[in-house]
Amino acid sequence: MIKIQNYINGQFQSAQSGLTLDVYDPSKGTVYATASASGKADVEQAIQAAENAFAGWSETSIEKRSAILLKIADLIDEKLEELASAESVDNGKPVWLAKQVDIPRASSNFRYFANAITQFNSEAFETQGRGAINYTLKQALGVVVCISPWNLPLYLFTWKIAPALAVGNTVVAKPSEVTPMTAFLLGEICNEAGLPPGVLNIVQGDGLAAGQAMCEHPKVKAISFTGSTRVGGDIAKIAAPKFKKLSFEMGGKNPNIIFEDCNYEKMLDTTLRSSFANQGQICLCGSRILVEKSIYNKFKEDLVARAKKLKVGIPSDSETKVGAVVSKVHFEKILSYIELAKEEGGTILCGGQKVMPAGHENGYYIQPTIIEGLSEKCRTNQEEIFGPVVTIMPFETEEEALRLANDSDYGLSATLWTESLSRAHRMARKIDAGIVWVNTWLLRDLRTPFGGMKNSGVGREGGMNALDFFTEQKNVCISYE
Ligand code: NAD
């Protein structure tokens with residue numbers, strides 16, 4: 001049995017209590033590893049190590065910090081096969097997807113922020129007529145916490161860690177207890193790249209025992225969290241009275257708005273992906289598809305036909321388009337939402353059932369599912385399902401599309417399909433979302449601000465925003481008279 005341990009002060013060690021959590025391979029529904037079930041004592045040790053390492057790391061030259069992060073990026077690329085297969089076993093996603101998306105993005109995160117830090121400037125203000133000059137210092141905060149979810153494990157873990165380290169903070173990070181494996185492997189990579197001990201500490205364990213202790217700790221200056229809106233709220237309750245800096249990337253229920261004048265084939269190909277990629281477990285998936293009435297029936301037939309052809313299968317099969325969802329709990333949650341949709345009057349146009357691939361009958365597989373006939377207010381259309389399940393709804397006018405799109409407590413992303421330039425600009429301004437894609441989906445430029453509106457997030461990461469979040473600005477005013 002593989003033992004996934006904590007990485008503290010450059011060393012691998014089990015939780016001090018000796019407790020472990022079972023780690024499942026969702027493609028088979030069996031335990032394949034154990035992870036340290038850390039608690040307060042382990043968190044304390046990790047925070048102490050990070051605190052001890054802070055002075056050295058924050059005073060290390062930008063060139064040196066950047067070079068180490070670039071080395072980490074190179075090592076991730078070198079270990080592409082090993083990391084992709086580990087991610088797939090841990091999460092259930094197709095190996096080809098981990099190879100094409102998750103692992104390359106993890107190295108891009110390190111590479112991007114290793115370069116960005118060399119361009120991160122402070123400002124100067126000449127205070128004319130008063131004989132003074134003001135300038136800013138952007139200083140590392142100290143010990144910061146990064147907490148990430150299970151859907152894109154290494155991708156999102158590194159999205160937070162890389163900017164935090166680049167500006168000179170030391171980090172205590174926790175991956176999801178559901179997918180701890182690639183974070184564990186990252187520890188080895190950091191040692192190989194020459195990251196000094198204590199600069200990055202990875203604590204394994206669940207949210208209540210390990211995560212909460214990290215967020216409560218008085219020495220922690222900032223928390224960057226990606227996960228559910230519910231847990232974001234719990235963390236805010238703990239951290240806000242202690243005045244820690246907070247950045248939250250949370251849930252979504254994103255509209256995919258399709259107008260008759262769209263490039264139909266491009267829209268259909270992309271909509272298939274934005275509905276079911278990563279088993280629908282991407283916070284940016286378009287789970288509410290709104291379609292102009294004039295093309296509703298054609299679209300419905302075409303999407304259903306395409307969805308039925310998607311192969312649901314084991315992650316190691318290169319033909320598999322939809323792998324296993326991440327856990328038994330999540331599998332049951334998704335199936336219960338499909339039942340709820342029926343109770344709420346929805347018609348299941350395709351899918352709706354679990355799948356049992358030969359030899360993997362106990363794995364957590366669900367058919368791509370398309371549902372119509374639901375009101376926009378029902379729970380199926382309001383709550384995040386986070387699986388291969390989408391609803392489709394017709395609309396008649398641009399105003400109606402906008403009203404439906406914004407009729408949500410979430411505001412993470414939206415996709416808009418139209419060839420009308422004016423409509424694209426008009427709608428993009430009015431949609432409540434942190435990112436609006438027009439005639440594309442999931443096209444990401446790491447320099448752009450990333451985050452959500454409403455219950456989808458607080459703050460923006462990405463580009464210089466992330467470097468700003470992980471630093472404190474200080475104004476120095478010097479009189480020269
Ligand atoms: P989750 O909120 O259950 O867990 C996320 C992380 O928080 C895990 O590491 C977990 O152990 C930890 N945690 C749980 N309780 C905690 C507590 N009390 N204190 C501190 N840490 C705690 O989310 P999940 O189920 O792992 O992930 C799915 C969710 O993540 C979905 O809602 C999805 O939309 C969201 N998500 C958002 C984005 C984004 O960029 N906005 C990206 C990916 C996923």
Side-chain angles (χ1 to χ4, degrees), residues 21 23 35-40 43 90-91 93 101-102 105 109 145-161 172-180 182-183 202-217 220 223-240 244 246-254 277-287 325-327 329-331 333-334 383-387 408-413 433-435 442 444 448-462 466:
L21 300 169
V23 183
S36 300
S38 309
K40 270 201 167 130
V43 168
D90 221 18
N91 173 280
K93 66 180 71 205
V101 177
D102 294 72
R105 174 58 189 274
N109 288 338
V145 155
C146 301
I147 296 180
S148 56
W150 49 254
N151 64 323
L152 298 163
L154 194 63
Y155 175 133
L156 289 172
F157 196 61
T158 54
W159 173 239
K160 306 186 162 300
I161 290 167
V172 177
K174 193 186 88 60
S176 167
E177 62 276 25
V178 184
T179 52
T182 46
I202 301 171
V203 176
Q204 304 284 355
D206 70 21
L208 281 180
Q212 191 159 321
M214 288 160 65
C215 296
E216 282 170 349
H217 202 287
V220 168
I223 301 167
S224 170
F225 164 79
T226 298
S228 63
T229 299
R230 183 187 61 74
V231 170
D234 291 345
I235 295 176
K237 270 187 223 144
I238 299 167
K244 297 176 192 296
L246 302 176
S247 173
F248 289 165
E249 297 182 345
M250 303 185 288
K253 190 76 182 177
N254 310 304
N278 203 39
Q279 299 66 250
Q281 303 167 135
I282 303 180
C283 52
L284 304 163
C285 278
S287 50
V325 301
V326 77
S327 68
V329 173
H330 195 54
F331 173 71
K333 175 186 150 184
I334 297 167
E383 297 176 14
E384 186 183 43
I385 301 173
F386 217 53
S408 170
D409 290 337
Y410 293 106
L412 187 55
S413 73
I435 181 165
L442 210 61
R444 292 274 296 118
T448 58
F450 182 84
M453 294 169 62
K454 301 201 257 189
N455 291 359
S456 290
V458 181
R460 292 291 179 273
E461 296 190 5

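Order of appearance sets the numbers: ligands from 1, and atoms from 1 within every ligand. Excluded from the calculations below are hydrogen atoms, water molecules and symmetry mates; all remaining heavy atoms, backbone and side chain alike, are included.
- Within the listing of ligand 1, atoms 24 (P), 25 (O), 26 (O), 27 (O) sit less than 4.0 angstrom from a heavy atom of W150.
- Every atom of ligand 1 with a heavy atom of M250 under 4.0 Å away is listed here by number and element: 34 (O), 37 (C), 38 (C), 39 (C), 41 (N).
- Residues W150 and F157 keep their aromatic ring centres 6.0 Å or farther apart.
- Closest to atom 34 (O) of ligand 1 by heavy atom, among E384, R230, K237, is E384.
- Within 6.0 Å of CZ in R444 there are more than 12 heavy atoms belonging to other residues, nucleotides or ligands.
- Annotation: K454, atom NZ; neighbour count of heavy atoms from other residues, nucleotides and ligands within 6.0 Å is above 12.
- Those atoms of ligand 1 that come under 4.0 Å of a heavy atom in F450, given as number and element, are 40 (O).
- When heavy-atom distances to ligand 1 are checked against a 4.0 Å cut-off, L156 comes that close only through its side chain, counted from C-beta outward.
- Residues N278 and L152 are in side-chain contact: their nearest non-hydrogen atoms beyond the backbone lie under 4.5 Å apart.
- There is a protein heavy atom closer than 4.0 angstrom to atom 7 (O) of ligand 1.
- Numbered from 1 in the order shown, with element, the atoms of ligand 1 that lie under 4.0 Å from a heavy atom of N151 read 43 (C), 44 (C).
- For P175, every heavy-atom contact with ligand 1 shorter than 4.0 Å involves the backbone, none the side chain.
- Per-residue contacts place I235 under 4.0 angstrom from the following atoms of ligand 1 (heavy atoms of the residue considered): 19 (N), 20 (C), 21 (N).
- For atom 3 (O) of ligand 1, the nearest non-hydrogen atom from the set S228, A183, G457 comes from S228.
- The protein heavy atom nearest to atom 39 (C) of ligand 1 is C283 SG, 3.3 Å.
- Looking at I282, V178, T226, V231, it is T226 that brings a heavy atom closest to atom 5 (C) of ligand 1.
- On a distance-only criterion, T229 and ligand 1 share no N/O pair closer than 3.5 Å.
- In the candidate list C146, G207, S148, S148 is nearest to atom 9 (O) of ligand 1, counting heavy atoms.
- Looking only at side-chain heavy atoms (C-beta outward), V220 and K244 come within less than 4.5 Å of each other.
- Atom 12 (C) of ligand 1 has as its closest protein heavy atom I147 CG2, 3.7 Å.
- Under the side chain to side chain contact (heavy atoms under 4.5 Å, CB included) rule, I385 has a single partner from K333, Q281, K253, which is K253.
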